[in-house]
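Structure first, then comments.
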Amino acid sequence: MFPTVADVLAMPELRQGDPEVVAAAEAVTRRVRWVHCVELPEVAPLLRGSELVLATGIALPADAAGLDRYVRELSRAGAAGLVVELGRRWTAELPGSLVSACEREKLPLAVLHREVRFVSVTQAVGEQVVDAQVLELRAAGQIHDAFTALSMAEAGPADILAEAARLAGCPVVLESFHHQILGYHTGGRPASDLLHDWEDRSRRIRIGERTGYDHRAGWLVTVVGSRGDDWGRLVLVTPQPPPHRHLVLVERAAAALALHRLHARHRDGVERQAHHALLTALRDRPVDDELIGRCAEAGVPLTGRALLGLAARPVVQRRRRTYVAADALTALADSLVVTLRQRGVPALVAVESDDVVALLAPPAGADTDALLAAVAAGTGSPAETVLAVGETVRPRTPALPGRGPARGRVAAPRRPGPPHHRLADVHLRGLLHLLSGDDRVTRFVQREIGALLDHDAGHGTALYEVLRAVLATGDKTAAAAALHISRPVLYDRIARVERILGRDLSDPATRTSLHVAVLAHGTPPGR
C-alpha cells in the first residue's frame with residue numbers, strides 16, 4: 001500500500017524540515033504514488049496523478065490569480081499534495097492566496113520551516129513506494145497460487161469464499177443478480193450483522209463496471225461469471241478503500257467461482273447427463289414409443305407405471321426468506337439417487353438451474369406416501385430441503401409430471417409444513433411461481449409496484465414492507481402490530497404508498513391486483 005501524505009510528512013527526511021500542514025489537513029490521507037521536485041508554474045502536464053509536489057516557490061506566480069491557477073491545475077492533474085519550503089521565495093509564511101486556493105481545492109498544503117534535501121526525500125519515498133509495489137506483486141502472486149490450487153482441487157464455493165476472507169481479512173458474500181445470498185464467510189464478524197437487511201442494502205449498490213468500490217457502503221463488488229453468462233456478484237465488505245491486491249483478490253475469487261460452476265455442469269457422469277436429456281425431452285415433446293424405449297434403455301421403464309415428478313432444492317431459511325445453497329445441488333442429487341435405489345425405484349435424476357428434478361417410476365402397487373416420506377427423509381429435513389411433488393400420471397396422458405412443480409422450480413409455502421408439498425398446497429403462489437419466467441408477469445409486477453420498489457431503493461425506505469403487511473393481514477391493526485409501529489404511523493405510511501403508486505388501497509380490485517403483484521415479486525424469476 002502506498003504511503004499517505006501524512007506518512008511522507010512524518011518521514012525523518014521531511015520531519016527535520018519542521019513540516020506544518022496549513023491547508024486541507026483533512027485530505028492528508030491521500031495516497032502518494034511518487035514525489036516530484038519541480039519549480040515550473042506549468043507543472044500539471046508533467047504529472048500522472050497521486051504525486052506529492054516539492055517546491056521552494058522560486059518560479060511560482062507572484063499574483064493571487066496566478067497562484068490560484070497553479071493550484072487548480074495541480075488539483076485537476078490529481079496531485080496528492082504540495083510541500084513548499086520557506087527561505088528562497090517566501091521567508092516567514094506562505095501567501096494567503098496560495099493557502100486559500102489549496103483549501104478551496106482540498107489539496108493538502110504543507111510548509112517546511114527549515115531547509116531539507118529534496119533528493120533525500122525523493123529517494124526515501126521512492127524506496128517505500130517500490131517496496132509497496134513489490135509487496136503488492138508478492139500478494140498478487142500468493143492470491144494467484146491460492147486460487148489456482150483451489151481450482152485444481154475443484155474446491156466448492158464455501159472453500160473459495162473462506163480463502164478469500166482469509167486473504168483479505170474481510171467478510172465476503174456471494175449473491176445472485178436477484179440479491180439473494182448464495183454463500184458467505186463472515187471473516188470473524190457476527191453473521192447477523194453482516195447479513196442484516198442484505199437484499200435491501202444490496203439493491204442500492206450499483207457499480208458501473210465489472211469491478212468497483214462503493215465508498216458509502218464500504219463494498220468492493222465484482223461480477224461473477226463469464227461475459228455473456230454472468231450470474232452473480234461477489235462482495236468484499238471493507239470500510240476502508242481497498243488496496244490493489246484486494247481488487248486482484250476479489251476478481252480472482254470471482255473467476256474461481258465461475259470456473260467451479262462450469263466444472264459443476266460437467267461433473268455429473270454420463271448417466272446424469274443422459275437423464276437430463278431424457279427429462280428435457282419428456283418435458284418438451286410428445287411422449288412416443290421411441291422416447292419410451294430410450295427411457296427403458298436407461299433403466300427407467302414408463303410403460304405400465306404411474307409416474308411421479310418431483311423437484312428438490314437445498315435451502316437455508318433466514319428471516320422468512322429462502323436462499324439457495326449453490327454448492328449443495330450435487331450432494332442433494334446424489335442423496336436422492338441413493339434413496340431411490342435403496343427403495344428399488346427407477347428414476348431419472350438431473351440438476352436444472354438451482355433445483356434437482358426427478359421423474360420416478362415406482363413399481364405397480366407401491367405406496368406413494370411411504371415413498372415420498374423416505375425421499376424426504378433421505379434428502380434432509382424440511383428446514384434443509386424444500387421438496388415439491390407433481391401429480392401422478394400415466395405416460396400416455398397429455399400432461400407429464402414435468403408440467404407440474406417438478407418442472408425445475410420449487411414452490412413451497414413460507415411456513416413450516418409437511419416434508420413435501422404438492423401444487424395444491426401453494427395455491428395462487430404456486431401458479432405465480434410456475435409463471436415467474438413469463439415476461440408478461442414481470443412487466444405486470446413492474447407496472448403495479450415498480451414505482452414503490454424504486455422509491456425504496458433510492459430513498460432507503462421500507463414502504464414495500466408496509467404494502468405487503470397491509471395486503472397480507474387485511475387488517476390495519478394487525479399490520480401495525482406486524483410492523484411494530486403505531487396505527488397513526490401506519491396510516492401516514494399507507495398514504496405515502498398510495499401517493500407513490502397513484503392507487504387507492506381501499507379499493508378491493510386495487511388491493512387484489514397489488515396482492516398478486518406482491519406474491520409474484522416474492523417468486524424468484526427464471527427458476
Side-chain angles (χ1 to χ4, degrees), residues 1-133 136 213 215 240-241 243-244:
M1 183 176 294
F2 294 151
T4 64
V5 174
D7 293 334
V8 175
L9 293 177
M11 296 175 68
E13 290 78 7
L14 266 180
R15 205 167 51 235
Q16 65 184 7
D18 191 15
E20 177 187 1
V21 179
V22 295
E26 71 280 2
V28 295
T29 55
R30 289 183 179 179
R31 297 290 171 182
V32 177
R33 187 181 56 82
W34 203 254
V35 173
H36 200 37
C37 305
V38 62
E39 300 290 352
L40 298 175
E42 295 82 16
V43 65
L46 304 177
L47 303 181
R48 296 174 57 189
S50 299
E51 291 94 348
L52 181 64
V53 177
L54 304 182
T56 62
I58 58 175
L60 295 187
D63 59 308
L67 289 174
D68 183 79
R69 183 173 58 255
Y70 171 74
V71 171
R72 189 167 57 251
E73 290 178 357
L74 280 181
S75 179
R76 290 177 179 174
L82 173 63
V83 178
V84 180
E85 182 185 84
L86 296 178
R88 303 294 179 88
R89 173 70 180 278
W90 298 293
T91 56
E93 60 182 12
L94 298 180
S97 57
L98 179 61
V99 175
S100 60
C102 288
E103 188 67 44
R104 185 170 54 254
E105 294 292 334
K106 303 302 179 185
L107 181 71
L109 173 62
V111 58
L112 298 177
H113 294 280
R114 290 195 296 270
E115 185 179 51
V116 301
R117 297 178 63 188
F118 282 179
V119 65
S120 299
V121 176
T122 302
Q123 180 180 353
V125 174
E127 291 174 351
Q128 188 168 343
V129 167
V130 170
D131 288 344
Q133 291 175 329
E136 289 288 331
Y213 181 68
H215 292 267
Q240 299 299 323
H244 177 71

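No side-chain heavy atom of P108 sits under 4.5 Å from any side-chain heavy atom of L82. At a threshold of 4.5 Å between non-hydrogen side-chain atoms, the residues L9 and T4 do not count as touching. Looking at L46 and L40, their side chains come closer than 4.5 Å, going by heavy atoms from C-beta outward. E13 has its side chain out of reach of Q123: every pair of non-hydrogen atoms, C-beta onward, lies at least 4.5 Å apart. Looking only at side-chain heavy atoms (C-beta outward), V32 and V129 stay at 4.5 Å or farther from each other. Using a 4.5 Å cut-off on side-chain heavy atoms (C-beta onward), V125 and L14 make no contact.
Annotation: side-chain contact (heavy atoms from CB on, under 4.5 Å) contacts of T29 (sequence neighbours excluded): none. Here E42 pairs with nothing under the salt bridge (charged side-chain N to carboxylate O under 4.0 Å, His left out) rule; sequence neighbours left out. Not counting sequence neighbours, the partners of S50 by the side-chain contact (heavy atoms from CB on, under 4.5 Å) test are R33.
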For this session: Report the C-alpha distance between L60 and W90 in whole Å, list the side-chain angles of each, state the deciding distance to 0.1 Å, and finish with yes or no for side chain to side chain contact (heavy atoms under 4.5 Å, CB included).
Result: CA-CA 11 Å; L60 295 187; W90 298 293; 4.0 Å; yes
For this session: Could you give me the CA-CA distance, side-chain angles and deciding distance for V99 and V22, then say whether side chain to side chain contact (heavy atoms under 4.5 Å, CB included) is met?
Result: CA-CA 7 Å; V99 175; V22 295; 4.3 Å; yes
For this session: May I have the step-by-step check of side chain to side chain contact (heavy atoms under 4.5 Å, CB included) for V43 and Y70, ending in yes or no?
Result: CA-CA 8 Å; V43 65; Y70 171 74; 3.7 Å; yes
For this session: Could you walk me through whether M11 and Q128 pass side chain to side chain contact (heavy atoms under 4.5 Å, CB included), step by step?
Result: CA-CA 11 Å; M11 296 175 68; Q128 188 168 343; 3.7 Å; yes
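For E85 and R114, the salt-bridge test fails: no basic side-chain N is under 4.0 Å from an acidic carboxylate O.
Separation of atoms CG (L52) and NE2 (H36) is listed at 11.5 Å; rounding is to 0.5 Å. Residue L54 holds its CG atom at 4.5 Å from SG of C37, rounded to the nearest 0.5 Å. Taken to the nearest 0.5 Å, the CG atom of D7 stands 15.0 Å off from the CZ atom of R30. Atom CD1 of I58 is separated from atom CZ of R89 by 9.0 Å, given to the nearest 0.5 angstrom. Put simply, CG on L112 and CD on Q16 are 9.5 Å apart, with the number rounded to the nearest 0.5 Å. Put simply, SG on C102 and CG on L74 are 7.5 Å apart, with the number rounded to the nearest 0.5 Å.
Between the R76 side chain and the A44 main chain, no donor and acceptor come within less than 3.5 Å of each other. Put simply, the side chain of T122 gets close to the backbone of F118: a donor and an acceptor are under 3.5 Å apart. Distance alone, capped at 3.5 Å, is enough to place a donor-acceptor pair between the S100 side chain and the G96 backbone. Side-chain atoms of E39 come within 3.5 Å of backbone N or O of T56 as a donor-acceptor pair. At least one donor-acceptor pair under 3.5 Å links the side chain of E103 to the backbone N or O of A24.
L67 and S97 get closest at one heavy-atom pair: CD1-OG, 3.4 Å. R48 and E51 make their closest contact through N-OE2, 2.7 Å (heavy atoms, listed as atom of the first residue, atom of the second, distance).
By the neighbour-count criterion of 12 heavy atoms within 6.0 Å, atom CZ of R72 is densely surrounded, having more than that number from other residues, nucleotides or ligands. Annotation for Q240: atom CD does not count as buried by contact number, only 12 or fewer foreign heavy atoms lying within 6.0 Å.
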